[in-house]
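So the structure is just underneath, and the comments pick up after that.
We use all heavy atoms of the structure for the numbers below, so side chains are in, but hydrogens, waters and symmetry mates are not.
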Amino acid sequence: MCGFYCLFGFVFFALGWNLADLQRFEYAGIFLISLIGSASVILPLPGAAVVVSSGQFVGDVGGIPFWLVVGIVAAAGETIGEMTAYLAGMGGKVVIEDRASYRKLDSWMQRRGVGTMFVLSVVPNPVFDIAGFMAGAVRMPIWQFALTVFVGKTIKNCGLAAGGDAGLDAIFGN
């Protein structure tokens, strides 16, 4: 999976693409920016900025408000992207599992992991990769991790898209 992100990143820069180029792809661009932005801290793409400004370059789909579609599309990309941290945590478990702090964290994640992942995915925050790593390290079931993150990020992105559109409309008088 990491190879895919590296290949896409290479193609992205080799073709000289920038954020505006991905925006012209509308929902596919939102998905890709969200996926890459969540998969790597090395390739920082402003996923939240694209979601907030999405109302300026996408429209409703079949009567479904654009902000709902953006929320779902961006959340799908982010959830898939966050799998890199989760899988890294699964692989990195051997490095930290003998520590007392790991055992305490494992116990805590078993009791409160879903709630923690949900809260951290609803709130825009730059340290979510650490939480994803820890979820993988303590072996939170991958389906539970993915579903919780997807729901939380859908709520976050719907709010960002709708709020961004309202704010931009207020500023520019649309």
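- For the pair Ala74 and Asn157, the tightest heavy-atom approach, listed with the atom from each and the gap, is CB-ND2, 3.5 Å.
- If you chain together hydrophobic residues whose side chains sit under 4.5 Å apart, Met90 and Met140 fall into the same group.
- Side chains of Phe128 and Val123 form no contact here, defined as non-hydrogen atoms less than 4.5 Å apart.
- Pairs of residues two or more places apart, or lying in two chains, that qualify as salt bridge (Lys or Arg N to Asp or Glu O under 4.0 Å) and include a residue from residues 52-80 are Glu78-Lys153, Glu78-Lys156.
- Residues meeting the side chain to side chain contact (heavy atoms under 4.5 Å, CB included) test with Val119, sequence neighbours left out: none.
- The shortest distance between side-chain heavy atoms of Val70 and Tyr27 falls below 4.5 Å.
- There is a path of hydrophobic side-chain contacts, each under 4.5 Å, that joins Ile80 to Ile72.
- When atom types are taken as modelled, the side chain of Thr84 and the backbone of Ala39 share a donor-acceptor pair closer than 3.5 angstrom.
- The shortest heavy-atom contact between Arg139 and Gly89 is NH1-O, 4.5 Å.
- Thr116 is linked by a side chain to side chain contact (heavy atoms under 4.5 Å, CB included) to Trp108, Arg112, Leu120, counting only residues two or more places apart in sequence or in another chain.
- Looking at Ser38, its side chain never comes within 3.5 Å of a backbone N or O of Leu35 through a donor-acceptor pair.
- Within the structure, ring pair (Phe, Tyr, Trp, His ring centres under 6.0 Å) contacts touching residues 70-90 (residues at least two apart or in different chains) are Tyr86-Phe145.
- By the 4.5 Å heavy-atom criterion applied to side chains, Ile30 and Ser54 are counted as neighbours.
- Residues satisfying the side chain to side chain contact (heavy atoms under 4.5 Å, CB included) criterion with Val151, sequence neighbours excluded, are Phe118, Leu147, Ile155.
- Residue Thr154 holds its OG1 atom at 8.5 Å from CG of Leu68, rounded to the nearest 0.5 Å.
- Taking hydrophobic clusters as Ile, Leu, Val, Met, Phe, Trp and Tyr residues chained together by side-chain heavy-atom distances below 4.5 Å, Leu160 shares a cluster with Ile64.
- Here Ala162 pairs with Trp67 under the side chain to side chain contact (heavy atoms under 4.5 Å, CB included) rule; sequence neighbours left out.
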